[in-house]
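Below is one structure, written out as structure tokens; the observations come after it.
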Amino acid sequence: MGGLTYIDFLAKFGIGGAHPGGFSLTKNMLLQEKITQNSYILDAGCGTGQTSAYLYEQYKANVFGLELNPIMIEKAQNRFQDRQLPIQLVQGSIEQIPFKDETFDFVLSESVLAFVNKPKALKELFRVLKKGGRFLANEMTINKKLTSQEETEIKEFYAVDSLLLEEDWRKILKETGFHDTKLSMHPLDFVNGNTGQEFNFSANFEPELFGILNQHGNILVKYHDILSHRIITCTK
Ligand SMILES: C[S@@+](CC[C@H](N)C(=O)[O-])C[C@H]1O[C@@H](n2cnc3c(N)ncnc32)[C@H](O)[C@@H]1O
């Protein structure tokens, strides 16, 4: 694929709600939380900013988007400018978050931890949360231990360093210091049951990216009984 990654595909296609379960699952997850206009919220790895925009439009909260990929940043910035949303967008890594300790009431990671060093990123998310703050995530999870061949195929395609079972998530969250952890299981499916799916194509994109979309679909079909995702909520 000439070095192109799954994230390149998401960025160039401008997929909004680029996480399993899509925008509808985001809204359900947020409904369970006590978000107000006084809340400080970090959407870590915000992609094209669909959730960040919703957090401002729905709650008038103080929303901050953090994102590493320049194409994602540009698309999120355009979204916020077009809709005149006062969301602060910062380019940086979830593994080294450019905010002070105890800044946020809520920190979100919607399908971002999968792609980074999880212990490092969780430590950072924990650091920038206020005491009693809530961590909300939607992350890929495996349902059972994989053969090394299965593991290699999935890890190489998504360029991820590890695939976690639910018990691994619990362990790593506990080790980070989170408590009151709840995980709910959702199957991964190709269309995501996503009513809010958006596309915002880049003017130029490599035709090879269609191959990545195709491969993503093949992996979801092949591993439909092995790959799933969890809505994870916990408290600092
Ligand atoms: C699957 S997408 C999800 C985007 C967004 N959260 C959503 O649900 O639409 C993963 C996002 O994480 C971003 N990302 C990957 N590594 C990152 C890092 N180290 N720091 C911040 N963002 C990162 C990618 O650029 C991409 O936008």
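Order of listing sets the numbers, starting from 1, for every ligand and every atom in it. Counting begins at 1 with the first residue of the sequence. FYI, side chains are in, hydrogens and waters are out, and symmetry mates aren't considered; it's all heavy atoms of this structure. The structure presented is a predicted model; accordingly, all values stated were derived computationally and were not measured.
Contact atoms of ligand 1 toward G47: 4 (C), 5 (C), 27 (O) (distance under 4.0 Å to a heavy atom of the residue). Every atom of ligand 1 is numbered from 1 in the order shown, and the set under 4.0 Å from a heavy atom of L10 is 1 (C), 2 (S). Each of the atoms 9 (O) of ligand 1 lies under 4.0 Å from some heavy atom of G17. The contact set between ligand 1 and F115, taken as ligand atoms under 4.0 Å from a residue heavy atom, comprises 1 (C). Less than 4.0 angstrom separates some heavy atom of G92 from each of these atoms of ligand 1: 20 (N), 21 (C). Near N69, meaning under 4.0 Å from one of its heavy atoms, ligand 1 places the atoms 25 (O).
Nearest heavy-atom pair, I71 versus A11, reported as atom, atom and distance to 0.1 Å: CG2-O, 3.5 Å. Taking both residues in full, the closest heavy atoms of V128 and K100 are given as CG1-O, 3.7 Å, listed atom of the first, atom of the second, then distance.
Between E110 and ligand 1, at least one pair of N/O atoms sits closer than 3.5 Å. Between S93 and ligand 1, at least one pair of N/O atoms sits closer than 3.5 Å.
Protein heavy atom closest to atom 8 (O) of ligand 1, with residue, atom name and distance, is H19 ND1, 2.5 Å. For atom 1 (C) of ligand 1, the closest non-hydrogen atom on the protein side is A18 O, 3.0 Å. Atom 10 (C) of ligand 1 has as its closest protein heavy atom S111 O, 3.2 Å. E67 OE2, 3.3 Å is the protein heavy atom nearest to atom 24 (C) of ligand 1. For atom 20 (N) of ligand 1, the nearest protein heavy atom (residue, atom name, distance) is I94 N, 2.9 Å. Scanning all protein heavy atoms for the shortest distance to atom 4 (C) of ligand 1 gives G45 O, 3.4 Å.
Classification of E167 and R170 as a salt-bridged pair fails, no side-chain N sitting under 4.0 Å from a carboxylate O. Remark: R83 engages E57 in a salt bridge, criterion side-chain N to carboxylate O under 4.0 Å.
Contacts between L68 and ligand 1, counted as non-hydrogen atom pairs separated by less than 4.0 Å, involve both the backbone and the side chain. Under 4.0 Å from ligand 1, the heavy atoms of V116 that appear belong solely to its side chain. When heavy-atom distances to ligand 1 are checked against a 4.0 Å cut-off, T51 has no atom that comes that close, whether in backbone or side chain. Contacts with ligand 1 closer than 4.0 Å are made by backbone heavy atoms (N, CA, C, O) of C46 only, the side chain lying farther away. Only side-chain heavy atoms of M72 come within less than 4.0 Å of ligand 1; its backbone N, CA, C and O stay farther off.
Ring orientation note: the planes of Y54 and F23 are nearly perpendicular, at an angle over 60° on the 30°/60° scale. Between H216 and F9, the ring-plane angle classifies as tilted under the 30° and 60° cut-offs.
Within a 6.0 Å sphere centred on NZ of K60, heavy atoms belonging to other residues, nucleotides or ligands number more than 12.
Relative to the ring axis of F126, K236 places its NZ or CZ within 45° and under 6.0 Å from the centre.
For the pair N78 and F80, the minimum side-chain heavy-atom distance is 4.5 Å or more. Contact of the Y223 side chain with the I154 side chain is registered, since non-hydrogen atoms from C-beta on lie closer than 4.5 Å.
Residue contact check for ligand 1: L66 places no non-hydrogen atom closer than 4.0 Å to it.
The only option from T233, L108, L173 that meets the side-chain contact (heavy atoms from CB on, under 4.5 Å) definition with F135 turns out to be L173. Tested against S109, the residues K118, H19, E139 include a single side-chain contact (heavy atoms from CB on, under 4.5 Å) partner, E139.
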